[in-house]
Amino acid sequence: MVIILLVAVGYALGSIPTGLLVARWQKGVDIRRHGSGNIGMTNVLRAVGKGAAALTLVGDLAKGWIPVLMAGAWLTSPWAIGLVALAAVIGHLYPVFAGFHGGKGVATTLGASLPLLPGPLLIAFLVFATCVALRRQVSLGSLVASAALPMAALVWRSPAAYVLYALVAAALIWYRHRDNIQRLLAGTEPTIGQRVRLP
């Protein structure tokens, strides 16, 4: 019963549409109608600005981090804790509070992974930072880093449940980035410096 409750809490927290709320609060706009239409940090950065993007990042990190901390306090099974973490990520991807139109899962996966896979996460972050520094494309860095996380977790000899969580989260992130992948292959994916003009 506790597992079911915590999974529900993880999904509910993950479903809070941080970027949507921040953009409405700061600019009075629906971020889903601008740029890529995504409610995540990158689109908020391009459409609203750095401050709003920072708030979105913190909120999306917390949505993954808090339910996993709660699960760690109440549960002992890595499989159950990994399920709560995955529920938070799925909530962000398909939020009940925003018509199931969510973000791409990177920041929430990062938040959920902090307590579970700190060492592998550091490796994945270094991969992300390197890609972004070289190409200035957040989507490329996110894709490569998400793929690196389960591999690093496996090499790190993390619990099998957490390796599987990282693998499923990476698969979901890649699926949600399918349009970005097409633009990357076509050479039309925007860089960090490009902005979206709001009316």
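Computed from a prediction, not measured in an experiment: that's the story for all the values here.
- A single hydrophobic cluster is seen to contain both Val168 and Ile3, as judged by linkage of ILVMFWY side chains at heavy-atom distances under 4.5 Å, directly or through other members.
- Applying the side-chain hydrogen bond (donor to acceptor under 3.5 Å, both in side chains) rule to Arg135 yields the partners Gln137; only residues at least two apart in sequence or on another chain are considered.
- Looking at Arg136, its side chain never comes within 3.5 Å of a backbone N or O of Cys131 through a donor-acceptor pair.
- The hydrophobic cluster containing Leu184 does not contain Ile173, counting ILVMFWY residues as joined when their side-chain heavy atoms lie under 4.5 angstrom apart, directly or transitively.
- Listed by first and then second residue, the salt bridge (charged side-chain N to carboxylate O under 4.0 Å, His left out) pairs that reach into residues 104-128 come to none, sequence neighbours excluded.
- What you find for Ala23 and Ile31 is that their closest heavy atoms are CB-CB, 3.9 Å.
- Both Leu114 and Leu172 are part of a single hydrophobic cluster, where members link through side-chain heavy atoms under 4.5 Å apart.
- The shortest side-chain heavy-atom distance between Thr108 and Leu61 does not fall under the 4.5 Å cut-off.
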Could you list the donor-acceptor pairs under 3.5 angstrom formed by side chains in residues 75-91, with sequence neighbours left out?
| unit_1 | atom_1 | unit_2 | atom_2 | d |
| --- | --- | --- | --- | --- |
| Ser77 | OG | Trp79 | N | 3.2 |
| Ser77 | OG | Ala80 | N | 3.4 |

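- Val106 and Leu121 are not part of a single hydrophobic cluster, where members link through side-chain heavy atoms under 4.5 Å apart.
- Nearest heavy-atom pair across Ser139 and His177 is CB-CD2, 4.1 Å.
- For the atom pair Leu149 CG and Leu122 CG, the distance stands at 11.0 Å (nearest 0.5 Å).
- A pairwise comparison of heavy atoms in Ala112 and Pro115 identifies O-CD, 3.3 Å as the closest pair.
- At a threshold of 4.5 Å between side-chain heavy atoms, the hydrophobic network of Ile, Leu, Val, Met, Phe, Trp and Tyr places Ile39 and Met41 in two separate groups.
- Shown here for Leu117 and Ala166, the closest heavy-atom pair between the two residues is CD1-CB, 4.0 Å.
- The side-chain hydrogen bond (donor to acceptor under 3.5 Å, both in side chains) analysis of residues 113-131, with sequence neighbours excluded, yields the pairs Ser113-Tyr165.
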Under 3.5 Å, side-chain donor or acceptor atoms of residues 5-16 against the rest of the protein: list the pairs with distances, not counting sequence neighbours.
| unit_1 | atom_1 | unit_2 | atom_2 | d |
| --- | --- | --- | --- | --- |
| Tyr11 | OH | Tyr94 | O | 2.7 |
| Tyr11 | OH | Val96 | N | 3.3 |
| Ser15 | OG | Tyr11 | O | 2.9 |
| Ser15 | OG | Val96 | N | 3.3 |

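- Few gaps surround CZ on Arg178; more than 12 heavy atoms of other groups in view lie less than 6.0 Å from it.
- Residues that satisfy the side-chain hydrogen bond (donor to acceptor under 3.5 Å, both in side chains) test with Asp30, not counting sequence neighbours, are Arg32.
- When the side chain to side chain contact (heavy atoms under 4.5 Å, CB included) test is applied to Val155, no partner is found at least two apart in sequence or on another chain.
- Qualifying side chain to side chain contact (heavy atoms under 4.5 Å, CB included) partners for Ile181, counting only residues two or more places apart in sequence or in other chains: Leu143, Trp174, Leu185.
- Between Thr18 and Leu55 the shortest heavy-atom distance is CG2-O, 3.9 Å.
- In this structure, Asn43 contributes its side chain and Asn38 its backbone to a donor-acceptor pair below 3.5 Å.
- Evaluation of the side chain to side chain contact (heavy atoms under 4.5 Å, CB included) rule for Val163 yields Ala153, Leu154, Ser158 as partners, not counting sequence neighbours.
- Remark: Val132 engages Phe128, Ile192 in a side chain to side chain contact (heavy atoms under 4.5 Å, CB included) (not counting sequence neighbours).
- Listed by first then second residue, pairs satisfying salt bridge (charged side-chain N to carboxylate O under 4.0 Å, His left out) with a partner in residues 52-72 read Asp60-Lys63, not counting sequence neighbours.
- With sequence neighbours left out, the side-chain hydrogen bond (donor to acceptor under 3.5 Å, both in side chains) criterion links Arg183 to Glu189.
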